[in-house]
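The following block contains the structure, expressed as structure tokens.
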Amino acid sequence: VKNEDYQVLIEDMGNDGEGIGHVQGMTVFVKDAVVGDLAEVKIVKVKKNIAYGRLMKLITPSPYRVEPVCDKAKRCGGCTMQQVSYEQQLEYKWNKVKNCLQRIGKMENVEAIMEKPAYGMNNPFHYRNKAQFPVGRDKNGNVVIGFYAGRSHDIIDTESCAIGAPVNDKIVAIVRSFIEDNHISTYDEETGRGLVRHILIRVGFTTKEIMVCLVTNGNKLPHSEILIDELVKIDGMTSICLNVNMENTNRILGDKCITLWGQPYITDYIGDIKYQISPLSFYQVNPVQTNVLYNKALEYADLSGDETVWDMYCGIGTISLFLAQKAKKVYGVEIVPQAIDDARHNAEINGITNAEFFVGKAEEVVPDIYKKGGDGSHADIVVVDPPRKGCDQVLLDTLVHMAPERIVYVSCDPATLARDVKILQEKGYEAKKVAVVDQFCHSGHVECVTLLQRKNT
Ligand code: SAH
């Protein structure tokens, strides 16, 4: 009943870090509650089978509760799980994969094939190599730079972020003073006016190279030389640029970049492979754990050097180039043309000549190549790393026809992974191993890699 208070035991957690419990058979979502809490909850919204509640009082706090490191954690939309101990976060993510594979994937005995525990970080803070801070003004005209509050575009002014690179704080402080001292306007989403929209910072964790990119609603930044003078004092500064976005849109970046100082890109390494990263490049945000994830994919692929490998949804070719070191030939396919430009370029700067890339939808390009026969129509190993919606059915059908010995499925959504694993298990493959690798510590996002082996038929 709406507006009534109930005692609720929080039994699980949702994707956005909310607690989940039950009241009289109905599932209740409670923001800020932690698995293991016994809480007094006021019901604020009731739908057919589910309800939403507000945490009024902790009757018995969960043993998994910890004090968030960041004082903005409760409001910021970024870290939704900082109030949960890191061990418990890993446990939650592991269970989430297990439950999906059991319930949606209809797999029995999943625990037997899941590596335990999830691969977490020794220090799950300051792990991100990329930050995007929205810039605006509060109602009194003061500059605000920070993060969007959960599910909104209200900017929470933030001086320090617990998961970003430590140097971000200094950069943000410099940009803040620059905007204030030089009376630079900031973008207003309502009116579409004002200049500075976002600060994008990228840091090469291996190379220590830094990029600062101001996203602007215009082609020029007045007094930019003053900003440059301050920023270049920071060790490792490599690239200072503008990204022009004049559209009234939720998209952060526009298509055009202007270099103000230094190079138009920074470089970084994952394992032995070097990558050039521009403001627009897609690049994994947690380089330490990406290395763990890709090594796991490589281990599952179990290459001897003679194999032909397909990397579906290859982005800038990160996995492809990783595998190319151990394979005879790697083919990659990706829908975004600029990403394929990056992939080809990254292959070149690493002297990798056995990787070939295609632009297009995997579900169109691959069936086409398969039907024509010849190069690329055969695969010994296939790696897929699809977006959250999972693999297209047409692609899965083609994979089954291509009949690779092993399919290594990298997934950022265990629900669609489980759906696709079920399909592949019905068509001659068997899931052999699963590893959960935490890429997004303190958020609810779950990443894992699954090995599927062709059954001997
Ligand atoms: N494997 C890459 C990126 C994976 S993210 C890495 O590790 O860096 C998923 C990628 O799939 C994105 O780059 C996205 O642009 C691409 N994508 C989305 N739909 C696609 C489709 N239908 N066909 C091919 N690529 C697609």
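Atoms within each ligand, like the ligands themselves, are counted from 1 in listed order.
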(request) For the residue pair N245 and Y187, confirm or rule out a side-chain donor-acceptor distance under 3.5 Å. (result)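 Judged by distance alone, the side chains do not pair up.
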(message) For a 4.5 angstrom cut-off between non-hydrogen side-chain atoms, does I104 reach K422?
(response)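 Answer no - side chains too far apart.
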(request) Indicate whether any N or O donor in one side chain lies under 3.5 Å from an N or O acceptor in the other, for N129 and Y283. (result)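 No.
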(message) I'd like to know if E348 and R344 make a salt bridge, using a cut-off of under 4.0 Å between side-chain N and carboxylate O.
(response)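 Result for this pair is no, no salt bridge flagged.
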(message) Which residues pass the side chain to side chain contact (heavy atoms under 4.5 Å, CB included) test with C257, not counting sequence neighbours?
(response)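 Result, side chain to side chain contact (heavy atoms under 4.5 Å, CB included) vs C257: N243, P279, L280.
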(message) Give the residues near ligand 1 by chain and number, with the criterion being a heavy-atom distance under 4.0 Å.
(response)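 Residues F282, Q284, Y294, Y313, C314, G315, T318, I319, E334, I335, V336, G360, K361, A362, E363, D385, P387 each place a heavy atom under 4.0 Å from ligand 1, listed by chain and number.
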(message) Please determine whether a side-chain nitrogen of the Lys or Arg among E18 and K31 lies less than 4.0 Å from a carboxylate oxygen of the Asp or Glu.
(response)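 Salt bridge flag = no for K31 with E18.
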